[in-house]
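Scroll down for the structure; my scribbles are underneath it.
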Amino acid sequence: MSTSLFQKFKSFLPQPDSYQDVASFLEKNPRLAFPAALAVTIGVLATGAVVVAFTGKQFLVIVVAAVILAPVIGAGMGGLIALYLKRLGQAPTSCATTAPSRNHTVLLLEADPRLREVIHEGLTAAGFHMICAPNAKRAASLCRNHGGLIDFLLADTNALGGRPLDCLQTIKATQPDLPVLLISSSDRQTLCERHPQLLATHEFLPIPLEFPHLAETIHTLLQLHTTAPDEPQPEGA
């Protein structure tokens, strides 16, 4: 008897994960939230009335009370359920802060076509304008032909060949200050052993990638690149 009315009512409901579709439906059709809650409330009260009646209580009193109280309780429960379902149906907003301030153009250098497609879709959804290259030669051509309109280079080390630093220099020939983020299926220690200078001069993320973290890293590097202060000039220069 010490259990609250809301806890009793909640016990009639499935677990939250099982009615995400209901939350989504009611968010798209908010006018149906109250009627649905009222119908559920009336059904619960009617069921309770029948159960209590068969335990020896006066059936007429229970039914009359249920009819009188159903609209009032339904209104209250309608508000609670609508808020509860709305909360369950809300999409995560953590990625909102990772979106770039404008539609930056990212050149993706990735030899694996499946991984290239996945990264392209993920970063496009994060708000970036994606240009893809399957090899370093194509990446260099894109940088050369876009006339400085590429804002960022995301490159898989496997696509940079045996001399990745020289390959990056060739790609960035027309944009020496182009910010770069390296990705690789190899771990940091392995890359450091193969190419000691590579990770000393470039940021790195391992594969598999977490897209919120990837988008945030690119956005941060872009901000550092665009807001980097000029070197202080001596007085009187």
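Nothing fancy with the numbering, it's 1 onward along the sequence.
- Minimum interatomic distance between S184 and D156 (heavy atoms only, all atoms of both residues): CA-OD1, 3.9 Å.
- Scanning for side-chain hydrogen bond (donor to acceptor under 3.5 Å, both in side chains) contacts around T217 gives an empty result, with sequence neighbours left out.
- Rounding to the nearest 0.5 angstrom, the gap separating the CG atom in L205 from the CD1 atom in I183 is 8.5 Å.
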- request: Would you sort out whether V180 and L154 count as a side chain to side chain contact (heavy atoms under 4.5 Å, CB included), showing the intermediate values?
  value: CA-CA 6 Å; V180 177; L154 178 64; over 6 Å; no

- request: Would you check, one step at a time, whether the test side chain to side chain contact (heavy atoms under 4.5 Å, CB included) holds for L108 with F128?
  value: CA-CA 11 Å; L108 169 63; F128 294 98; over 6 Å; no

message: Set out, in order, the CA-CA distance, both residues' side-chain angles and the distance that settles side chain to side chain contact (heavy atoms under 4.5 Å, CB included) for I131 and V106, then state yes or no.
response: CA-CA 6 Å; I131 300 176; V106 175; over 6 Å; no

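- Judged as a salt bridge (charged side-chain N to carboxylate O under 4.0 Å, His left out), the pairs with a partner in residues 157-181 (not counting sequence neighbours) are, in order, R163-D166.
- With sequence neighbours excluded, the residues satisfying side chain to side chain contact (heavy atoms under 4.5 Å, CB included) with E203 are L181, L221.
- Between F204 and L199, the shortest heavy-atom distance links the atoms CB-CD2, 3.6 Å.
- Of the possible donor and acceptor atoms, one in the side chain of Q175 sits under 3.5 Å from a partner among the backbone N and O of I150.
- In this structure, CE in M130 is found 13.5 Å from NE2 in H104, a value given to the nearest 0.5 Å.
- A distance of 5.5 Å separates CD1 in I207 from CG in L209, rounded to the nearest 0.5 Å.
- Every side chain to side chain contact (heavy atoms under 4.5 Å, CB included) that A133 has, sequence neighbours left out, goes to L107, L109, R138, A139, L142.
- For the side chain to side chain donor-acceptor pair (under 3.5 Å) condition, the pairs that include at least one residue of residues 115-134, sequence neighbours left out, are T105-H129.
- Taking CD1 of I119 as the start and CZ of R114 as the end, the distance is 12.5 Å to the nearest 0.5 Å.
- A donor-acceptor contact shorter than 3.5 Å links the side chain of H202 to the backbone of L198.
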field: CA sep, side-chain torsions, deciding dist, call: L160, L165, side chain to side chain contact (heavy atoms under 4.5 Å, CB included)
entry: CA-CA 8 Å; L160 293 175; L165 285 174; over 6 Å; no

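- Nearest heavy atoms, F152 versus L178: N-CD1, 3.5 Å.
- Here the NE2 atom belonging to H195 is positioned 12.0 Å from the OG1 atom belonging to T201, to the nearest 0.5 angstrom.
- Qualifying side chain to side chain contact (heavy atoms under 4.5 Å, CB included) partners for Q189, counting only residues two or more places apart in sequence or in other chains: D187, E193.
- Of the candidates P164, S186, P196, S186 is the only one forming a side chain to side chain contact (heavy atoms under 4.5 Å, CB included) with L191.
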